[in-house]
Amino acid sequence: MKKFYSVLVFTLITIIISQALAEDSLKVRVNRWLEVRSISGNVVYQSSQRSKPATIGTKLNQIGEKITTGKNSKTLLALDTGVGFIEVAENTTLQIKEMGKTNNGGLLTDLQVSGGQIKLKLRRFTNQDSRLRIETPAGITGVRGTEFGISVQPNGKTGVATLTGSVVTSAQGQSVNVNKGFQSLVIPGEPPTPPVKLRDNPNLELQLLADIGNQTAQVVGKVDPVNLLLIGNQPVNTNREGFFDVTVAMPRDRQISATVITPLGKQQNYQIAVP
Amino acid sequence: MKWLIFTCIGVGISWGLMAKPAQADECQAIAGESQRFNTINENGVIVLGQSYTNPYVVVVPGNKTRELQTLRQCVPDAFVSRNRLGVYIHAGSFRDYTTAKRLERVLRSRNLDARIVYFRRGRK
């Protein structure tokens with residue numbers, strides 16, 4: 001009887017191990033991280049337990065940990081050792097959704113950007129199981145070694161621009177390759193738009209500018225729809241053509257600050273002088 | 001009879017030409033001047049609108065889309081604004097009256113009702 005039970009337990013253990021090994025990508029716990037390498041301005045590290053100013057050397061490696069940059073602030077993160085770098089622009093939140101390794105050494109990295117702009121520079125992945133994905137309110141962008149940027153507006157509209165290599169952007173069951181020198185727009189609830197030539201142009205075109213009383217001004221204009229626009233330090237939604245129409249508080253000197261940031265991080269500051 | 005026909009054709013063509021709005025190919029650059037009169041680069045920051053140093057403003061009353069399009073062929077950064085007197089197109093703002101007058105003259109030659117007003121920033 002004893003022998004029977006021993007054989008039964010051994011068999012069960014063998015079955016359990018076999019099932020585990022049968023998975024193509026078994027995730028194992030490994031020492032991986034996002035490390036803060038440089039800071040400018042107000043950058044905050046948050047975990048489920050605490051929130052504190054980030055410092056050089058701060059590491060994020062747990063699901064849910066995040067980095068948030070404030071106004072006029074930015075940070076540079078290193079992904080592991082030599083995998084790549086992520087430049088995080090102002091008013092941006094970056095959170096870890098997944099950071100693991102497969103049983104054959106593939107790197108699995110899923111990050112979420114709920115708003116703001118990041119630029120990534122990654123070495124080419126040599127392991128076929130490696131992946132890096134950026135999730136935004138509009139969709140998911142996947143990459144296997146490239147230099148590209150993402151900008152996310154408050155309404156979730158996401159601009160993707162590729163400088164080198166190629167990224168795949170997916171939403172609503174459709175995927176689009178955004179190759180080197182191209183950009184694409186993803187609007188929540190819609191598939192990605194066909195890629196167009198990369199513009200990387202932070203131009204702001206004014207169409208209407210008026211003092212409407214009570215120390216407020218109406219500003220109507222247009223930017224490239226993949227760009228991020230801030231007026232009076234607040235992110236502003238643009239429509240699919242890049243048009244915006246906002247009413248903002250007007251300072252006593254009648255100058256309203258504005259900033260346009262492309263997905264690749266090119267930034268232009270403006271002062272809108274109300275007549 | 002032939003004389004009458006030719007006269008009618010001539011009057012008809014002339015009438016059409018007189019009614020024709022300013023065309024893009026008639027808008028030539030004002031010699032030596034940038035066409036962007038509402039954009040100034042100050043140490044890397046681009047100032048759009050009416051700079052506080054430029055009180056002489058060339059305006060075209062009204063907000064007709066056609067006029068704005070015509071004006072923008074000459075002045076790409078023209079924009080619409082409004083004050084207590086109504087809506088107008090802000091063509092350009094200048095430090096001195098003489099330069100403002102040049103733009104006003106150019107726009108008037110293209111059938112735009114341009115005029116110069118003095119806007120001290122904060123007062124209309």
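Given the structure is predicted, the values throughout are model-derived calculations rather than measurements. All chains are named by letter (A, B, ...) in the order of the sequence lines, taking the proteins before the strands, and each is independently numbered beginning at 1.
Within 6.0 Å of NZ in A/Lys157 there are more than 12 heavy atoms belonging to other residues, nucleotides or ligands. Atom CZ of B/Arg108 sits in a crowded spot, with more than 12 heavy atoms from other residues, nucleotides or ligands closer than 6.0 Å. Remark: A/Arg123 CZ is packed, more than 12 non-hydrogen atoms of other residues, nucleotides or ligands lying under 6.0 Å away. Within 6.0 Å of atom CG in A/Asn214, 12 or fewer heavy atoms from other residues, nucleotides or ligands are found, so the atom counts as exposed in its surroundings. For A/Lys121, the NZ atom sits in a loose shell: 12 or fewer heavy atoms of surrounding residues, nucleotides or ligands are nearer than 6.0 Å.
For the atom pair A/Leu208 CG and B/Leu68 CG, the distance stands at 10.0 Å (nearest 0.5 Å). Atom CG of residue A/Leu204 and atom CG of residue B/Leu48 lie 6.0 Å apart, to the nearest 0.5 angstrom. To the nearest 0.5 Å, the span separating CD1 on B/Ile40 from CD on A/Gln271 amounts to 12.0 Å.
Ranked by non-hydrogen atom pairs under 4.5 Å with chain B, the options A/Leu209, A/Thr259, A/Val220 are led by A/Leu209. Ranked by non-hydrogen atom pairs under 4.5 Å with chain B, the options A/Glu205, A/Gln218, A/Gln268 are led by A/Gln268.
At a 4.5 Å heavy-atom cutoff, the contact between A/Ile212 and chain B is made by side-chain atoms alone. The contact between A/Gln207 and chain B is made by backbone and side chain atoms together, counting heavy-atom distances below 4.5 Å.
Scanning both residues, B/Ser51 and A/Ala273, for their nearest heavy atoms gives N-CB, 4.4 Å.
Neither side chain, B/Gln50 nor A/Arg254, offers a donor N or O lying under 3.5 Å from an acceptor on the other.
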